[in-house]
Amino acid sequence: MTAPVEPIGYEPAAVEARWRERWAARGTNRTDLAQGDQPFYALMMFPYPSAEGLHVGNLFAFTGCDIYARFQRLQGHTVFEPLGYDAFGIHSENFALKVGRHPMELIPSNIRNFRRQLDRAGLMVDWAQQVDTTDPAYYKWTQWVFLQLYKQGLAYKKAAAVNWCPSCKTVLANEQVEGGHCERCGTAVEQRFLEQWFFRISDYASRLLGNLERLDWSETTKQAQRNWIGRSDGARLRFRVVDPVADAGSAAVSVTSELRADEPIIEVFTTRPDTIFGATYLVLAPEHPLVPQLTAPDQRAAVEAYRARAAKQDIVSRKTTKEKTGEFTGAFAANPATGQLIPIWVADYVLMEYGTGAIMAVPAHDERDFEFARKFGLDIVRVVAGDGEDARTPLGDVAYVGDGRLVNSGRFDGMPVDTAKRTLTEWLEGMGAGQAVTNYRLHDWCISRQRYWGPPIPIIYCDACGTVPVPEAQLPVVLPEIADFKPDDSGVSPLARHAEWFHVPCPTCGKPARRETDVSDTFLDSAWYFLRYPSVPRDDVAFDRATTRRWLPVTTYIGGNEHAVLHLLYSRFITMVLHDQGLLDFEEPFTKFRAHGLIIREGAKMSKSKGNVVNPDEYLEQWGADSFRTYLMFLGPFEEGGDFRDAGISGVKRFLDRLWASVRDCTTDGAPDDEVLRKLHATIKKVGEDVPALSYNTAIAAMMEYMNVLRKGERRCHRAEVEPVVQLVAPFAPHIAEELWAMLGHAGSVFDSRWPAFDPARLASDTIELVVQVGGKTRGKLVVPKDVTQDQALAAAKADPVIGRFLTGAPKKVILVPGRLLNVVV
RNA sequence: GCGGGAGUGGCGGAAUUGGUAGACGCGCAGGACUUAGGAUCCUGUGCCGUGAGGCGUGUGGGUUCGAGUCCCACCUCUCGCACCA
């Protein structure tokens, strides 16, 4: 008598450790970038390596991308799945300041911790090609990218308003200002005017918008970009400023009369040229350059005070305060349509950065102008009448912004609004008072940061030669390791205090010169990193020509929709610029983009303050990476995210346990069961369709469903019934899949096998279950031949004791949906 | 305010094209095996009703033989943008 042998159970920790080693030893995750006839570049958004370590949100995103990449590999593609670290930026710098350590020592230790966690998660990442934005070998090329833009005249310097926190002594991004106060210390934020570097992304607005049509991207992401670019079609109109005293006597000032040198022109942008007859005043932004020139002497004090107030106010609260304020300049302009004199005001509801910084106000048909006109008692003239209205219909308490026909508009009365937009623009153009233009909301990209932790902008200022770009051969401009990297009161980067770095000979004339002390925005680091991955070994070029041609554009990019606008737009812009320079063959970097959802917990976003952050380490430890990965994907649709709960995960572990036991105990005796095989083929089909569609949750459900069929009634399964499941599950649970694949006697990696094919003939059955409805209500089911006729089905239904009860008398109508349903209307 | 997305059992979530609502999992209940079970396996599980049956996908209408799915009106939640002329 022999003692019962305990069957070997599934022990994730041992299995996963074993395969981590084997993958490393065999180079399973390395991609030979020179080979492969079906290159597939699977990109995921690289993380910021925070001190807290990997967040479940990161892991959710990476796992989803990894599954997609592994699946593509099983489809026969040569897959490249790189990863790196986005480690520059104010986030890292603030954290370093807080804990009193230097980012140069903090970041490497954070990265080590990230790497440990990422390895534990079983990603198919080719670590030989990793990128770290803070490595001089990387940011050398970030600086090179800057120079390419500079060369093309797409980088320029101008003074711009920034938010300044006098307590933190630092420039704040708009998101760091809450209700006019610094989000960190609560101090009232001021506005400062600083010289900053900008990229001319607005020159590319129309291309960035137009190309969206042909990109295979999540619709939500494309829509966000469209809104951000903000195209609006309208007209630029010219208003002559008129001195009412000098022009006294002429009842209507002729618009076409000779310009007088001292009478400036105000240009406005409007989307409603059709309402020109209702323009009863003009408004200039407080910063508008013409304001000082045209303000009348008796209004000067008030206008100056108003401008000073606007200049001091922080940018955020100025834009969020809806209460209208303004001052009359004392000047007048001529309405080119009516010839009448209309007052010119300044008000901060008009923004200098949009359009021309000036508007024609049509209070009858614009809510903001209406509010303003009401408050300051300005004329309101209706020029559009909706259905059932005419020129005299009172407006009530709101502006009329709807459709309609023109009234009070001279010979254009009765014209529909949409025709009038075109017609009036042409009419005004004919008299030299304007032309049709398209305007975009997209502003130029400010890349200057008056901080320490970023790549120095490669520019040198020389008293003799002016602004001199650092020659490419002298890159990188290394960020010096300085102890006092804390920003100070000056609004100038801490780099300026580092004398031996700051003072530099001019590259052109050799005389003493000074370095630019601003560093660049982190969004610049990430706007080109996908170009670098395949070319990491090259230190003589940013990206290798042949490698880039083979591997780019990125086949599929998966990432968070929080980057829908800035990161993705900047990446597209940089790619276009490099393309225009002849350095890239394509102008769109990401052929396909999919946004993943957000993991929440107990209905709320995970955050430290709520104390609901999940540490992935504990789960990886307790359940293993395979169960944890699969569980994360099972929570809900990948593109929507899901609610993380501890419950649930045991079900996924149980599924893997059952798969393990099925492989361990399977037999090669006899033949596989036909019914089980049919379900197997249906499962192969479903998983093969769901995975590329990112419907991971339903793919997992389908595999679980099959496992239930496979093991129903504790049956022992045939090898042919279970072997393909190992391949199906491999993208989700790679370690156990490798182990089971080896247990089945295969020498190589399961990822070097080919995805199982399903046999359509196997899916069909001779009989079907036909649902029978009577009057639209389900009354039962019948098993019938698959090609049953309507009469046969009806006869069978009548013969059925339960269904037959409802079928008294002749049916009024019978509907047969082949293969599905019979509905009898009585 | 503008733009996008979503409302389905106790819970997370499934439902090709308008065709069995609730797949799969959690939880719960019962059972088997056990000294034991928070292990494992099996069975059941939308709600009301003893039953036949009835009611059910945010609310109210409509189209249809048939609506979670299509149309109209509304409510709620959520994510972007927000004085953009």
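Protein chains get the first letters and strands the later ones, always in sequence-line order, with residue 1 at the start of each.
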Euclidean distance for C1', C74(B) against A21(B) (whole angstrom):
25 Å
**Asked** Roughly how far apart, to the nearest Å, are C11(B) and C28(B) at atom P?
**Response** 15 Å
Practice prompt. Check whether any side-chain nitrogen or oxygen of R441(A) sits under 4.0 Å from OP1 or OP2 of C83(B), and answer yes or no.
Written response: no
Taking atom P in both U20(B) and C70(B), what distance in whole Å separates the two? 16 Å
| said: Side-chain N or O of R711(A) versus OP1/OP2 of C41(B): is the shortest distance under 4.0 Å? | reply: no
Testing G4(B), G25(B), C81(B) for proximity to the side chain of W228(A), the answer is C81(B)
Testing U20(B), C65(B), G13(B) for proximity to the side chain of K813(A), the answer is C65(B)
* Angle class for the H596(A)/F60(A) ring planes (parallel below 30°, perpendicular above 60°, tilted otherwise)? -> perpendicular
Winner on side-chain proximity to K712(A), out of U43(B), G3(B), C24(B), is U43(B)
Nucleotide N/O of nucleotides 5-10 of chain B paired with protein N/O under 3.5 Å:
none

>> Should the side chain of K324(A) and the base of C83(B) be counted as holding a donor-acceptor pair, with the cut-off at 3.5 Å?
In response: yes
- Query: For D444(A) and S202(A), does a side-chain donor sit closer than 3.5 Å to a side-chain acceptor?
  - Reply: yes
Taking C81(B) as the reference, what is the distance to C24(B) when you measure between their C1' atoms (whole Å, please)? 38 Å
Answer with base, sugar-phosphate or nothing: what part of the nucleic acid does V817(A) contact at a heavy-atom distance below 4.0 Å?
-> base
Closest to the side chain of A701(A), out of G13(B), G25(B), A23(B), is A23(B)
Regarding the side chain of D348(A), the nearest nucleotide among G12(B), C83(B), A85(B) is C83(B)
Classified by glycosidic angle (syn within 90° of 0, else anti), G9(B) comes out syn
- Mind telling me whether F644(A) and Y631(A) have parallel, tilted or perpendicular rings, with 30° and 60° as the class edges? perpendicular
The nucleotide from U40(B), G3(B), A85(B) with an atom nearest the side chain of N227(A) is G3(B)
Classify V350(A) by what it touches in the nucleic acid, base, sugar-phosphate, or nothing, heavy-atom distance under 4.0 Å. base
| task | Go through the side-chain N and O atoms of Y10(A) and S627(A) and say whether any donor and acceptor fall under 3.5 Å apart. | result | no
Counting only Watson-Crick and G-U wobble pairs with both atom distances below 3.5 Å, the stems of 3 or more consecutive pairs that include RNA chain B are B:1-7 with B:75-81, B:10-12 with B:24-26, B:27-32 with B:40-45, B:46-48 with B:53-55, B:58-62 with B:70-74
Picking from A85(B), C55(B), U40(B), the nucleotide nearest the side-chain atoms of D366(A) would be A85(B)
Item to complete: Would you state whether a donor and an acceptor, one from the side chain of R820(A) and one from the base of U17(B), lie under 3.5 Å apart?
Response: yes
